[in-house]
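Okay, structure first, notes after.
Remember, predicted model here, so these are calculated numbers, not experimental data. Throughout, residue positions are numbered sequentially from 1 according to the sequence presented.
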Amino acid sequence: MAKKNTAEVLINGKVYTISGYESTAYLHKVATYLNEMEEKIAQTGNYHMLSQDEKQLLKNMNLADLYFKASDAKEELELQVENKDKEIYGLKHDLIDAKMEKDKLLGQIQEMEAKLQEEKKLRERLTKSASNRRLYKPEQKL
């Protein structure tokens, strides 16, 4: 089981002791994010006129908005990964098919080369045989 970490953090001017199974650096990162968010929201018009509940609701709405956008982005990335996996799968099969076709063509080339060699040998034998014979042309007299 992971070790539980504890960190003292400053959020919105108050010191809090928070704990979790993440690193203390991560816990500080979360606190820093919350402080940055508070500063950003505080710059919006009439923020100082809102009640504490309304301020908290505004922060919660911003967090929910970020969460849903991140969730949508995650789903989109997962879909892209799935599509890429399918594309890679198809390309692998195309590669296998191409290798099989190459092997088949190489086999045909070897067969043709063997036939060519046989034809050359036959031609050489026939040429030798023909050169050893005396052929008469019909216009020649015997």
Side-chain angles (χ1 to χ4, degrees), residues 1-140:
M1 182 174 222
K3 178 185 164 201
K4 197 168 191 179
N5 296 308
T6 302
E8 285 191 4
V9 296
L10 181 67
I11 301 174
N12 203 17
K14 293 182 183 177
V15 176
Y16 294 94
T17 301
I18 58 175
S19 62
Y21 293 104
E22 293 80 10
S23 68
T24 54
Y26 178 80
L27 297 174
H28 284 284
K29 183 179 176 180
V30 170
T32 301
Y33 177 78
L34 291 174
N35 284 324
E36 289 171 358
M37 183 173 147
E38 176 70 29
E39 288 175 22
K40 185 178 176 183
I41 291 174
Q43 293 174 358
T44 60
N46 299 327
Y47 178 76
H48 63 283
M49 297 173 74
L50 298 175
S51 70
Q52 282 300 103
D53 287 342
E54 291 170 326
K55 289 178 183 178
Q56 189 60 48
L57 179 62
L58 184 58
K59 290 181 227 175
N60 291 344
M61 292 292 290
N62 277 293
L63 283 172
D65 177 52
L66 290 171
Y67 169 79
F68 285 117
K69 286 179 181 174
S71 180
D72 290 346
K74 176 185 169 259
E75 287 177 15
E76 179 63 29
L77 288 172
E78 286 173 346
L79 184 61
Q80 288 177 8
V81 166
E82 184 180 326
N83 289 336
K84 293 291 181 190
D85 286 345
K86 286 178 183 177
E87 183 179 351
I88 289 170
Y89 181 80
L91 290 171
K92 284 181 180 179
H93 280 279
D94 291 347
L95 180 61
I96 290 168
D97 291 344
K99 284 181 179 179
M100 289 173 55
E101 182 67 20
K102 178 189 127 199
D103 291 343
K104 178 182 170 187
L105 292 172
L106 286 174
Q108 290 175 350
I109 288 172
Q110 288 174 348
E111 287 177 20
M112 291 178 159
E113 286 176 343
K115 284 181 184 179
L116 180 62
Q117 291 300 323
E118 288 177 25
E119 292 290 329
K120 283 182 180 179
K121 287 178 183 178
L122 179 61
R123 187 175 185 181
E124 285 176 15
R125 281 194 307 246
L126 289 175
T127 305
K128 277 185 181 179
S129 175
S131 67
N132 292 338
R133 289 189 203 149
R134 213 169 160 190
L135 296 176
Y136 294 102
K137 295 183 182 174
E139 59 271 355
Q140 289 180 336

Rounded distance (nearest 0.5 Å) linking atom [atom1] of [X] with atom [atom2] of [Y]:
X: Leu122; Y: Arg125; atom1: CG; atom2: CZ; value: 5.5 Å
X: Ile18; Y: His28; atom1: CD1; atom2: NE2; value: 7.5 Å
X: Lys4; Y: Glu22; atom1: NZ; atom2: CD; value: 10.5 Å
X: Glu113; Y: Gln108; atom1: CD; atom2: CD; value: 12.5 Å

Between [Y] and [X], is there a side-chain heavy-atom distance shorter than 4.5 Å?
X: Val15; Y: Val9; result: no
X: Leu105; Y: Lys102; result: no
X: Phe68; Y: Leu63; result: no

Evaluate side chain to side chain contact (heavy atoms under 4.5 Å, CB included) for Thr17 paired with Thr6, printing each intermediate quantity in order. CA-CA 7 Å; Thr17 301; Thr6 302; 3.4 Å; yes
Identify the two heavy atoms, one from [X] and one from [Y], that lie closest to each other, and give their separation to 0.1 Å.
X: Ile41; Y: Thr44; answer: O-OG1, 2.6 Å
X: Ile11; Y: Tyr16; answer: O-CE1, 3.6 Å
X: Met37; Y: Lys59; answer: CE-O, 3.1 Å
X: Leu27; Y: Gly20; answer: CD1-N, 4.1 Å
X: Ser23; Y: Asn5; answer: CA-ND2, 3.7 Å

Working note: Gln56 + Asn60, criterion side chain to side chain contact (heavy atoms under 4.5 Å, CB included); need CA distance, chi angles, decisive distance, verdict. CA-CA 6 Å; Gln56 189 60 48; Asn60 291 344; 3.1 Å; yes
Donor-acceptor list for residues 71-78 side chains, cut-off 3.5 Å, not counting sequence neighbours:
unit_1: Lys74; atom_1: NZ; unit_2: Glu78; atom_2: OE2; d: 3.1
unit_1: Glu76; atom_1: OE2; unit_2: Gln80; atom_2: NE2; d: 3.4

If only atom types and distance count, is the side chain of Thr127 paired as donor or acceptor with the main-chain N or O of Arg123 below 3.5 Å?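 Such a contact is found between Thr127 side chain and Arg123 backbone.
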Side-chain H-bond candidate by donor/acceptor type, Asn35 with Glu39, under 3.5 Å: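 Checked: Asn35/Glu39 side chains show no N/O donor-acceptor pair below 3.5 Å.
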Note: Lys128-Glu124 ion pair, threshold 4.0 Å (strictly below):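 Answer for the salt bridge query: no.
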In terms of side-chain geometry, is the basic nitrogen of Asp65 or Lys69 positioned less than 4.0 Å from the acidic oxygen of its partner?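 Salt bridge present between Asp65 and Lys69.
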Is there a side chain to side chain contact (heavy atoms under 4.5 Å, CB included) between Met61 and Leu57 once you walk through the steps? CA-CA 6 Å; Met61 292 292 290; Leu57 179 62; 4.2 Å; yes
From Glu54, Glu38, Lys55, residue fulfilling side-chain hydrogen bond (donor to acceptor under 3.5 Å, both in side chains) relative to Tyr47: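 Exactly one candidate clears the test, Glu38.
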